[in-house]
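Inspection log for the structure reproduced underneath, given as structure tokens.
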Amino acid sequence: MRIQHCLRSMVVALVVASPALVLPACSKSSPQVTAESIDDNWALTEQHEPGSVVMTVAQDGQVTALVKDRDGKPVEADVSGSVSVKVPGKDGAPMTAALVPEPKSGGVLLAKLPPLEDDLTEVSYELKVKGEPFKGVLHVPRGGTRELQESAREHQTTQLGGTKGPNGGVLQPVGDDIVEIVADKESGDLRVYVLDLNLKPVPIGDREIKLAIQTASGPDVIVLAPGPERLYFTGKLSVKVNPTKITVVLKQAGHTHVVLCGYRPGAVIVVGPSAPVIGILVATTWAVKVDVKPTVVVHDDDDDGRVIVIHKHKHKGKGKGRWHWK
């Protein structure tokens with residue numbers, strides 16, 4: 001009898017506890033993304049001729065998309081399309097998923113791709129909106145569009161003001177570094193330099209860099225190789241034209257930083273025939289020397305946003321924030 005009483009108590013306890021175990025699995029883990037909230041959901045906006053596409057790609061492969069007309073109003077009817085992903089390290093055709101309308105969302109479309117596992121994944125989309133084609137390509141890091149937005153926010157106070165690099169190339173903050181991206185307009189030879197606080201080239205050390213470059217001819221991912229004595233990175237453009245988008249991946253000491261070149265939080269990325277180009281092609285003789293004794297930057301331990309700048313030969317100073325040029 002005592003054993004039966006104990007068993008009966010255990011069964012009652014399980015019955016009472018079971019609703020609490022089941023309910024969380026039935027509830028939604030995140031609120032529904034709508035036309036009103038998608039811009040606040042780490043989305044990137046690409047402007048096409050007939051309108052724009054607002055899109056998020058999450059780390060788990062969840063894609064949300066919204067098409068807007070020329071006046072910025074969501075388009076709910078006559079929209080169809082798909083997204084495709086090139087799975088890193090796997091041959092064969094890209095994996096494609098249909099974009100399915102989300103009910104009562106105001107025009108949001110959903111698709112599910114494999115989780116993002118590489119430091120850079122190519123995601124392309126193809127939409128047809130009332131007969132008008134919308135095509136584009138995003139290169140997203142492991143953290144998806146959110147990571148690109150967070151990287152842009154991290155550097156939004158950095159004022160480069162159109163400053164050119166020592167070789168005439170484009171400057172871009174990446175993590176704690178500044179890189180110069182430049183290519184020879186005659187040969188298409190590509191170089192990436194790492195610069196110090198004075199915008200002087202320094203040795204690349206143990207860094208690794210690759211670029212995802214978008215041109216009118218399509219996307220191309222270039223894995224750069226260390227140059228002689230590891231003074232800079234080298235590569236080759238597949239077509240000798242200035243790109244419309246560049247995504248930079250920089251690895252160092254086990255950390256990976258990914259940025260969309262020139263992007264600012266909330267900005268609209270113009271794509272298609274009217275997209276502005278990034279001027280990396282210059283006439284150069286590669287005469288700029290690399291400083292083998294660069295400035296060293298040491299961050300404060302109290303994490304108050306200040307840095308200690310130590311110039312190896314003369315002095316050290318203390319300043320607020322990151323880099324600021326005009």
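Contact between Glu102 and Ser105 at its shortest, heavy atoms only, is O-OG, 2.6 Å. Ala111 and Ala98 make their closest contact through CB-O, 3.4 Å (heavy atoms, listed as atom of the first residue, atom of the second, distance). Across every non-hydrogen atom of Val54 and Ile38, the tightest pair is O-CD1, 3.8 Å. Leu237 and Ala183 make their closest contact through CD1-CB, 3.7 Å (heavy atoms, listed as atom of the first residue, atom of the second, distance). Residues Lys68 and Val75 come closest through the heavy atom pair C-CG2, 4.0 Å. Nearest heavy atom pair, residue Leu224 against residue Val192, reads CD1-CG2, 3.3 Å.
The side-chain hydrogen bond (donor to acceptor under 3.5 Å, both in side chains) check on Glu36 picks up Thr34, with sequence neighbours excluded. Applying the side-chain hydrogen bond (donor to acceptor under 3.5 Å, both in side chains) rule to Asp220 yields the partners Ser238; only residues at least two apart in sequence or on another chain are considered. For the side-chain hydrogen bond (donor to acceptor under 3.5 Å, both in side chains) test, residues two or more places apart in sequence or in another chain that qualify with Asp206 are Gln252. Under the salt bridge (charged side-chain N to carboxylate O under 4.0 Å, His left out) criterion, Asp69 pairs with no residue at all, not counting sequence neighbours. Taking the side-chain contact (heavy atoms from CB on, under 4.5 Å) definition, one finds that Pro226 meets it with Ile204, Arg230, sequence neighbours left out. Applying the salt bridge (charged side-chain N to carboxylate O under 4.0 Å, His left out) rule to Lys251 yields the partners Asp119; only residues at least two apart in sequence or on another chain are considered. Listed by chain and residue number, Asp189 satisfy the salt bridge (charged side-chain N to carboxylate O under 4.0 Å, His left out) test with Lys236 (two or more places apart in sequence, or in another chain). Listed by chain and residue number, nothing satisfies the salt bridge (charged side-chain N to carboxylate O under 4.0 Å, His left out) test with Asp78 (two or more places apart in sequence, or in another chain). Among residues two or more places apart in sequence or in another chain, the side-chain contact (heavy atoms from CB on, under 4.5 Å) test is passed with Pro265 by Gln149, Ala152, Arg153, Gln156. For Thr96, the side-chain hydrogen bond (donor to acceptor under 3.5 Å, both in side chains) partners at least two apart in sequence or on another chain are Ser84.
Here the straight-line distance linking atom CG of Leu281 with atom CG of Asn242 works out to 4.0 Å at 0.5 Å rounding. Summarising the geometry, atom CD1 belonging to Ile181 is positioned 15.0 Å from atom CZ belonging to Arg191; distances are rounded to the nearest 0.5 Å. For the atom pair CD of Gln172 and CG of Leu195, the computed distance is 11.5 Å after rounding to the nearest 0.5 Å. To the nearest 0.5 Å, atom CG of residue Asp196 and atom CD1 of residue Ile178 are 8.5 Å apart. Interatomic distance, CG of Leu211 versus CZ of Phe233, reported as 10.0 Å (0.5 Å rounding). Rounding to the nearest 0.5 Å places CG of Leu190 at 13.5 Å from NZ of Lys240.
Pro201 has its side chain out of reach of Val194: every pair of non-hydrogen atoms, C-beta onward, lies at least 4.5 Å apart. When side chains are defined from C-beta on, Val67 does not count as touching Ser52, because their heavy atoms never get closer than 4.5 Å. Under the 4.5 Å side-chain criterion, counting only non-hydrogen atoms from C-beta, Leu116 is not in contact with Asp118. Taking 4.5 Å as the limit, every side-chain heavy atom of Leu44 sits out of range of all side-chain heavy atoms of Glu46. Residues Val258 and Val248 are not in side-chain contact: their nearest non-hydrogen atoms beyond the backbone lie 4.5 Å or more apart. The side-chain heavy atoms of Val182 and Tyr193, taken from C-beta on, include a pair separated by under 4.5 Å. Put simply, the side chain of Val85 reaches to within 4.5 Å of the side chain of Thr121, judged on heavy atoms. Between Leu250 and Glu208, every side-chain heavy-atom pair lies at or beyond the 4.5 Å cut-off.
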| request: Kindly indicate, with the supporting measurements, whether the criterion side-chain contact (heavy atoms from CB on, under 4.5 Å) is fulfilled by Val33 and Leu110. | output: CA-CA 10 Å; Val33 177; Leu110 301 180; 5.7 Å; no
| request: Mind running side-chain contact (heavy atoms from CB on, under 4.5 Å) on Thr256 and Val249 for me, showing each step along the way? | output: CA-CA 7 Å; Thr256 301; Val249 180; 3.8 Å; yes
| Could you walk me through whether Leu199 and Leu171 pass the side-chain contact (heavy atoms from CB on, under 4.5 Å) check? | CA-CA 9 Å; Leu199 301 185; Leu171 299 181; 4.0 Å; yes
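There is no path of hydrophobic side-chain contacts, each under 4.5 Å, that joins Trp42 to Leu120. No continuous path of hydrophobic side-chain contacts links Val221 to Val271 [ILVMFWY only; heavy atoms under 4.5 Å]. Side-chain heavy atoms closer than 4.5 Å link hydrophobic residues (I, L, V, M, F, W, Y) into clusters, and following such links, possibly through other members, connects Leu113 to Met95. At a threshold of 4.5 Å between side-chain heavy atoms, the hydrophobic network of Ile, Leu, Val, Met, Phe, Trp and Tyr places Ile213 and Val223 in two separate groups.
The closest side-chain donor-acceptor pair between Glu180 and Tyr232, if any, does not fall under 3.5 angstrom. If you check the side chains of Glu49 and Ser274, you find a donor sitting under 3.5 Å from an acceptor.
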Would you be so kind as to tabulate the donor-acceptor pairs closer than 3.5 Å made by side chains of residues 127-143, with sequence neighbours excluded?
residue	atom	partner	partner atom	Å
His139	NE2	Glu122	OE1	3.2
Arg142	NE	Glu117	O	3.0
Arg142	NH2	Glu117	O	2.7

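For Thr145 (side chain) and Val57 (main-chain N/O), a donor-acceptor pair under 3.5 Å exists by modelled atom type. A distance-only check finds a donor-acceptor pair linking the side chain of Asp184 to the backbone of Glu186 [under 3.5 Å]. In terms of modelled atom types and a separation under 3.5 Å, the side chain of Ser151 and the main chain of Glu147 share a donor-acceptor contact.
Heavy atoms of other residues, nucleotides or ligands lying less than 6.0 angstrom from NZ of Lys164 number more than 12.
Residue pairs meeting the side-chain hydrogen bond (donor to acceptor under 3.5 Å, both in side chains) criterion with at least one member in residues 55-65, sequence neighbours excluded, are Thr56-Thr64.
Look at Asp177 and Arg207 and you find a salt bridge, because one of the NZ, NE, NH1 or NH2 atoms lies within 4.0 Å of a carboxylate O, short of that distance.
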